[in-house]
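No hydrogens, no waters, no symmetry mates; every other heavy atom, side chains included, goes into these values. Values in this document were obtained by computation on a predicted structure and should not be read as measured data. Nothing fancy with the numbering, it's 1 onward along the sequence.
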Amino acid sequence: MTLADATAGASIRYTRDGSTPTAASTPYSAPISVTATATIKAIAIKSGLADSAVASATYTIGASASCPTQSDTPNFGPNVHIYDPSMSSATIQAQLDAQFAQMKDTASAQFSENRVAQLFKPGTYAVDDNVGYYTSVAGLGQNPGDVTINGHVTVDAFNASDAGNATQNFWRSAENLAINPVGGNRWAVAQAAPFRRIDVRGDLQLYPASYGWASGGYIADTKVSGQAASISQQQWYTRDSNVGSWAGGVWNMVFSGTAGAPANTFPNPPETTLATTPVSRDVPYLYVDGAGKYRVFLPSLRTNASGASWANGSTPGTSQPMSQFYVVKAGDTAATINNALSQGCNLFVTPGVYHLNQTLNITRPNTVVLGIGYPTFVPDNGVNAIQVADVDGVRLKGLLIDAGTTNSAALLTVGPSGSSASHAGNPTTIQDVFFRIGGQIAGKATTSLIVNSNNVIIDHIWAWRADHGTAGTFGWTTNTADTGVIVNGGSVLATGLFVEHYQKHEVVWNGQNGKTIFFQNEMPYDVPNQGAWMSAAGVNGYAAYKVGAGVTTHEAWGLGSYCYFNVNPAVNSYHAFEVPNTPGVKFHNALTVSLGGVGTITHVINDVGAVTASNTTPSNVVAYP
């Protein structure tokens, strides 16, 4: 390959491992030979001028049409625990309790490297499963009713140090099973804790037993025969589900495609309800077939969906054998993972922490990357973690991307800049993919997620710049990060968008015909002073959600943005939502809140909406314009 720049006298520097080039990178002087899969990035530099934008190209060398055959009964490694109904309840309970003891404590486990998955083969179990940090609980049936828990799958404010609130109950999940709960099932979580494909045969309690605070969460493709009660949850989103009834709500409870949901009555009561979800596709999941072999089920795309996909029978879709999945486990590197991708394999990523010294390149249409037990990718040396080509049907599910200590330009990018192909019939889906800047390590990344492709579905993400964590890993100049999400593609849909604490705009949406159903945000806590946080001359702060000035069609429902400027309570943000004044850009049921009156937000959207009150009550805007 060759490189060129139009500026006379400029020199070119390049990298071939996906990292961002600098003036110290390899100088370009002759054509580059690319003999193995690689991402080449280059900049042009000249004294007295700003460096050029980074040019990037990914080359896949030697890709085969199909993955070399893997095992259909693979070894998933030591962090995946598989239970069979032939095991005694006492044996299973003892193992669950031991794992919970390791993952329970907020002070010690929240930022540990422990990761675990608990998988139940089809059958019935009499156990109580308390779910701690970085723990995924899932059934291995093709449908939720194939695995029945006569007991509970529980998250609560377990520790005395939690002081009765559940606002730090992050990074845990339950999926694809039925629960017969005596007295109801408690799932008191905050962010990054999905509850998917669950048949709750009774009540579902989304608040801690203490009735303390809980911060916000997500349900999809689930049935609750009794009452689902949020009570103390600040915000909550329920998608494509069935509930017997719903009770409670603090600031904004959001529903789309949920049979039994309350009527749209925001702000009193604070319920935002859409009859259907415009486009959705439920998550890929692991199951065991009748021959005892493992497969991954791939649910079909749904339009204008309502109710769980399995409410009237099996979820429509197709499946792939594990023989087409490379199992990522301890010992794997970016090179071994990229090699598997280049050979045409899907990825099944087991619980663990994986350091990447090169970008993972997904170039094949319909590639599935399925993680369980919160597998964590950490990009080192400033590389970007994952790059997806502008192709049909890629499915990313169940990953945590934790920024490394050298700044990455982006953690996940879908499609190169300028992507223009339509993927309406087979979009890429990003589901239960979570981003973290700081907290565990002093991470840095300019942007967490960039979506350049069209028709992408962002279905439940939490992009989080840490406001707390291990000492030395967070602070205004420590875990630096400009923006959580940038959307440049057209017709992108976000269902469940949680983005918090970034230092500039949290979300920037430049693509046409975008839609967001549910947005939860906290502005950065740690702004040192007003002068350090100005989006333009005379404009205090940064809007949390900015729709680009050239956008003419965009719609959003059920949004909340909070401030808590505890480092300097004199800090102000002029508004939380900044949008073009045009009839095609519409916002429904948006609010701002000052937590404890610590700092202020002057308006909700543009110049509309009251300044935040000092008593933690919301300023609401029902419709804009």
- Message: Using ring centroids (six-membered ring only for Trp), state whether His460 and Phe195 fall under 6.0 Å.
- Response: no
- Query: Pick one: which of Thr602, Asn540, Asp607 meets side chain to side chain donor-acceptor pair (under 3.5 Å) with Tyr574?
  - Reply: Asp607
- Go through Asn589 and Asn264 one step at a time and tell me if the side-chain hydrogen bond (donor to acceptor under 3.5 Å, both in side chains) criterion holds. CA-CA 10 Å; Asn589 300 0; Asn264 182 57; 3.3 Å; yes
- Item | Val593 and Thr617: CA distance, side-chain angles, deciding distance, side chain to side chain contact (heavy atoms under 4.5 Å, CB included) verdict | CA-CA 6 Å; Val593 176; Thr617 58; over 6 Å; no
- Message: Test: side chain to side chain donor-acceptor pair (under 3.5 Å). Region: residues 241-255. Which pairs qualify, not counting sequence neighbours?
- Response: Asn252-Thr272
- Task: Evaluate the criterion side chain to side chain contact (heavy atoms under 4.5 Å, CB included) for residue pair Tyr211 and Ser232; output intermediate values, then yes/no.
- Result: CA-CA 6 Å; Tyr211 292 86; Ser232 59; 5.6 Å; no
- Query: With Phe518, which of Phe255, Tyr218, Trp236, Phe498 fulfils ring pair (Phe, Tyr, Trp, His ring centres under 6.0 Å)?
  - Reply: Phe498
- Query: Does the gap between the ring centers of Phe577 and His603 come in under 6.0 Å?
  - Reply: no
- For Trp187, enumerate each residue passing the side-chain hydrogen bond (donor to acceptor under 3.5 Å, both in side chains) test, keeping only those at least two apart in sequence or located in another chain. none
- Decide if the gap between the ring center of Phe170 and the ring center of Tyr133 is smaller than 6.0 angstrom. no
- The side-chain hydrogen bond (donor to acceptor under 3.5 Å, both in side chains) partners of Thr22 (sequence neighbours excluded) come to none
- Message: If the condition is side-chain contact (heavy atoms from CB on, under 4.5 Å), which residues does His355 pass it with, not counting sequence neighbours?
- Response: Val353, Val378, Asp380
- Task: Among Asp282, Asp432, Asp240, find the residue that satisfies the salt bridge (Lys or Arg N to Asp or Glu O under 4.0 Å) test when tested with Arg196.
- Result: Asp432
- Message: Determine whether Asn130 and Val153 satisfy the following criterion, side chain to side chain contact (heavy atoms under 4.5 Å, CB included), listing intermediate values before the conclusion.
- Response: CA-CA 6 Å; Asn130 290 316; Val153 179; over 6 Å; no
- Query: Where do Thr167 and Ser215 land on the side-chain hydrogen bond (donor to acceptor under 3.5 Å, both in side chains) test, with the steps shown first?
  - Reply: CA-CA 5 Å; Thr167 55; Ser215 184; over 6 Å; no
- Give the ring-plane orientation class for Phe434 versus Tyr374, where under 30° counts as parallel, over 60° as perpendicular and anything between as tilted. parallel
- Query: Between Ser491 and Gln512, is any side-chain donor less than 3.5 angstrom from a side-chain acceptor?
  - Reply: no
- Message: Set out, in order, the CA-CA distance, both residues' side-chain angles and the distance that settles side-chain hydrogen bond (donor to acceptor under 3.5 Å, both in side chains) for Asn521 and Ser561, then state yes or no.
- Response: CA-CA 5 Å; Asn521 164 259; Ser561 179; 2.7 Å; yes
- Message: Tell me whether the rings of Trp462 and Trp171 are parallel (<30°), tilted (30 to 60°) or perpendicular (>60°).
- Response: tilted
- Message: With side chain to side chain contact (heavy atoms under 4.5 Å, CB included) as the criterion, how do Trp533 and Met523 come out once you've worked through the C-alpha distance, each side chain's angles and the decisive distance to 0.1 Å?
- Response: CA-CA 11 Å; Trp533 201 54; Met523 293 178 173; 3.8 Å; yes
- Item | Residue pairs fulfilling salt bridge (charged side-chain N to carboxylate O under 4.0 Å, His left out) with at least one residue in residues 499-508, sequence neighbours excluded | Asp482-Lys504
- Task: Return each pair, listed once, that meets salt bridge (charged side-chain N to carboxylate O under 4.0 Å, His left out) where at least one residue sits in residues 527-548; pairs must be two or more places apart or across chains.
- Result: Lys546-Glu578
- Could you tell me whether Trp464 and His468 have their ring centroids closer than 6.0 angstrom? yes
- Query: With a 3.5 Å cut-off and no angle check, do the side chains of Asn566 and Asp467 form a donor-acceptor pair?
  - Reply: no
- Message: Could you walk me through whether Asn384 and Thr413 satisfy the side-chain hydrogen bond (donor to acceptor under 3.5 Å, both in side chains) test, starting with their C-alpha distance in whole Å, then the side-chain angles of each, then the deciding distance to 0.1 Å, before giving a yes or no?
- Response: CA-CA 8 Å; Asn384 297 347; Thr413 302; 5.0 Å; no
- Query: What's the verdict on salt bridge (charged side-chain N to carboxylate O under 4.0 Å, His left out) for Asp459 and Lys397, showing C-alpha distance, side-chain angles and the deciding distance?
  - Reply: CA-CA 9 Å; Asp459 179 40; Lys397 193 267 181 180; over 6 Å; no
- Test Tyr545 against Phe519 for ring pair (Phe, Tyr, Trp, His ring centres under 6.0 Å), laying out the working first. CA-CA 9 Å; Tyr545 190 118; Phe519 173 70; 5.2 Å; yes
- With distance as the sole criterion, is a donor-acceptor pair present between the side chains of Asp162 and Thr106 under 3.5 Å? yes
- Message: Check Arg465 with Glu522, please: is the shortest side-chain N to carboxylate O separation under 4.0 Å?
- Response: no
